[in-house]
Amino acid sequence: MAFMPELPEVENVCIGLNRSVVGQTVARVSVRRADVVRGLCRPRNLLRGQAIQRIDRLGKQFALVGKRSVGGEASGSPACVCIHLGMTGSLRFYPSGQRLKPDNHTHIVWQLEGGGKMAFRDPRRFGGLWTFDSVASLEASRWSKLGEDALTITPGKLHAGLTTTRRAIKAALLDQAVVAGLGNIYVDELLFGCGISPLRPGSEVSRPDSRLLVRRMRALLAKAIRLGGSTLRDYVNATGQSGGFQGQHQVYGRSGETCNICGKALVSTTIAGRTTVYCPGCQN
DNA sequence: CCTTAATCCTGGAAGC
DNA sequence: TGCTTCCAGGATTAAG
C-alpha cells in the first residue's frame, strides 16, 4: 500500500504553506538533485531573491508564485514554480529554529530570510518541479491540459467530460483532463458513495448521476481535507502532521472484506491499469 | 477510439 | 533470520 497525494492532501499542504511561507523572501536555494527540476534549473528560476506572493493549486499541483523585488534581478512579471508531489512527495515548512536533517530524498531546500526553511522531499521521484517565467505561462502551457478542479467543477462540465467517451467511468475520472485532482483512492470511494460501478461506460452516465457525482465529490473531498488527508505511509502535511482520513475508507484497500452497507464481499479488479475495489451489490 | 504494457523509483510486505 | 520477489502508484509514451 502506498500513498497518493491527491487533492485533499495537496490542499492541506497549500493551506499550511499559505500560512507559513507567504510573504517571506527566499534567501538561498539548495538543489541537491537537479533532475527533479524540469525547465530552467537555476536559483533565480526557483524564486531566489523573491518574496513568495502566494501558493496556487489546480488539482494535485501547486504553484509557488514569486514576486520579484523592484530593481532586483529581472524585475517584472513574477516567476513561478509548479510542484507535483507524485506518489511520495512532500513539501514541508521548517520554522526558524526547527532542525531540518536532509537525507538522500530531500531534493530541494529553500532557505528563507528570517531563518525558516521549506523542503521538497520525494523518495520515489514520481513528482517534480517545473519552472516558469510567470503564472500566465504555467496556465497557458502545463495547466491548460488539465480539466476543472474537482472542488469547483460543475455537473454540466463533468457530464460533458464523461459522456463523450465509452471508457469506463473509473478511467475517465482518473483522467486529469476530465477533472483535476482525483486519484485512485478517491475515485473508488466516490463511485462507492454514488452506487455507480467503476466499469460503467462513461457514455451511460446520466445527468442525475453527474449531479450526484459532483455533490458527493465535494463532500468527500471536503471531509478528507478537514481530516487532514489520507495517510497511508509517507504523507505528511506542511508541518509534518499525518492525516486522519484513511480510517474512513469504505472500499479502498478493503478487497475481500465485507461491504459496510450490504455485507457482500468487496471485489478487486484492474481498470485503466489501476487496482479497483468496489461492491458488486451496491454499485451498478 | 480504446486498452494494455512498459517506464520511471523506492520501500514495505510477503514468500521461502 | 535473511534473502528474493512482488507490488503499489501518477503520468507519459509506445504499441496493439
Side-chain angles (χ1 to χ4, degrees), chain A residues 1-11 13 32-39 57-63 82-91 102-108 120-130 138 141-147 149-150 160-191 197-205 221 224 229-236 242-243 245-246 249 251-257 266 268-278:
Chain A
M1 200 186 285
F3 152 72
M4 290 162 291
E6 298 184 30
L7 189 150
E9 292 76 15
V10 175
E11 175 67 11
V13 178
R32 301 165 54 86
R33 252 202 98 104
D35 63 3
V36 301
V37 181
R38 337 290 162 91
R57 181 189 61 76
L58 177 55
K60 306 173 192 173
Q61 303 182 31
F62 304 100
C82 177
I83 300 177
H84 194 311
L85 296 177
M87 283 187 59
T88 55
S90 64
L91 192 61
D103 62 9
N104 286 342
H105 304 307
T106 306
H107 306 312
I108 310 281
F120 172 72
R121 184 174 179 275
D122 185 13
R124 295 192 193 174
R125 306 209 298 279
F126 278 20
L129 286 73
W130 288 257
L138 165 63
S141 52
R142 192 172 165 78
W143 280 6
S144 66
K145 298 182 192 113
L146 299 179
D149 190 85
L162 292 176
T163 50
T164 52
T165 177
R166 249 166 294 158
R167 281 188 297 179
I169 185 173
K170 159 107 186 200
L173 289 171
L174 283 174
D175 185 345
Q176 303 297 297
V178 172
V179 52
L182 299 179
N184 209 30
I185 298 177
Y186 292 104
V187 170
D188 279 10
E189 295 299 319
L190 174 64
L191 290 172
S197 167
L199 298 155
R200 191 195 297 180
S203 52
E204 292 174 21
V205 175
L221 295 171
S230 299
T231 298
L232 296 185
R233 182 145 292 119
D234 305 310
Y235 171 75
V236 287
S242 57
F245 188 68
Q246 68 278 10
H249 295 158
V251 286
Y252 182 84
R254 298 193 62 232
S255 175
E257 296 178 35
L266 299 175
S268 178
T269 185
T270 300
I271 301 174
R274 297 281 164 263
T275 301
T276 302
V277 184
Y278 67 101

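Throughout, protein chains are lettered first and strands after them, A, B, ... in sequence-line order, and every chain is numbered starting at 1.
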May I ask you to evaluate whether A:Q176 reaches the phosphate of C:dG10, defined as a side-chain N or O under 4.0 Å from OP1 or OP2? no

For DNA chain C, report each stem as range with range, ordered by first number, or say none. Use Watson-Crick or G-U wobble pairs under 3.5 Å, at least 3 in a row. B:2-16 with C:2-16

Across all chains, not counting sequence neighbours, the side-chain hydrogen bond (donor to acceptor under 3.5 Å, both in side chains) partners of A:D35 are A:R33

Applying side-chain hydrogen bond (donor to acceptor under 3.5 Å, both in side chains) to A:R125 and not counting sequence neighbours gives none

Name the one of A:T276, A:I169, A:V277, A:L199 that satisfies side-chain contact (heavy atoms from CB on, under 4.5 Å) with A:L191? A:I169

Return the set of residues passing salt bridge (Lys or Arg N to Asp or Glu O under 4.0 Å) with A:R142 (not counting sequence neighbours), or none when no residue passes. none

Applying side-chain hydrogen bond (donor to acceptor under 3.5 Å, both in side chains), can you list everything that pairs with A:R274, at least two apart in sequence or on another chain? none

Exam field: side chain A:Q176 to backbone A:G59, donor-acceptor pair closer than 3.5 Å: no

Does C:dG9 have OP1 or OP2 under 4.0 Å away from a side-chain N or O of A:Y252? yes

Residues that A:S141 engages under side-chain contact (heavy atoms from CB on, under 4.5 Å), provided they are two or more places apart: A:F132

Nucleotide C:dA8, atom C1' - distance to CG of A:N184 in whole Å: 10 Å

Spell out protein contact along nucleotides 3-10 of chain B as letters: B when the base is contacted, S when just the sugar-phosphate is, - when no protein heavy atom is under 4.0 Å; keep the 5' to 3' order. S----BBB

Using OP1 and OP2 only, check whether a side-chain N or O of A:H84 sits under 4.0 Å from C:dA11. yes

Restricting to side-chain contact (heavy atoms from CB on, under 4.5 Å), what partner residues turn up for A:A150, sequence neighbours left out? A:L7, A:V179, A:L182, A:M217, A:L221

Nearest whole Å is fine: how far is B:dC2 P from A:D175 CG? 10 Å

Verify the contact: side-chain N or O of A:K145 to OP1 or OP2 of C:dT12, cut-off strictly under 4.0 Å; return yes or no. no

With sequence neighbours excluded, residues passing side-chain hydrogen bond (donor to acceptor under 3.5 Å, both in side chains) with A:T106: A:D103

Closest to the side chain of A:T165, out of B:dC2, C:dA8, C:dG10, is B:dC2

A:T275 side chain N/O closer than 4.0 Å to the phosphate oxygens (OP1, OP2) of C:dA8? yes

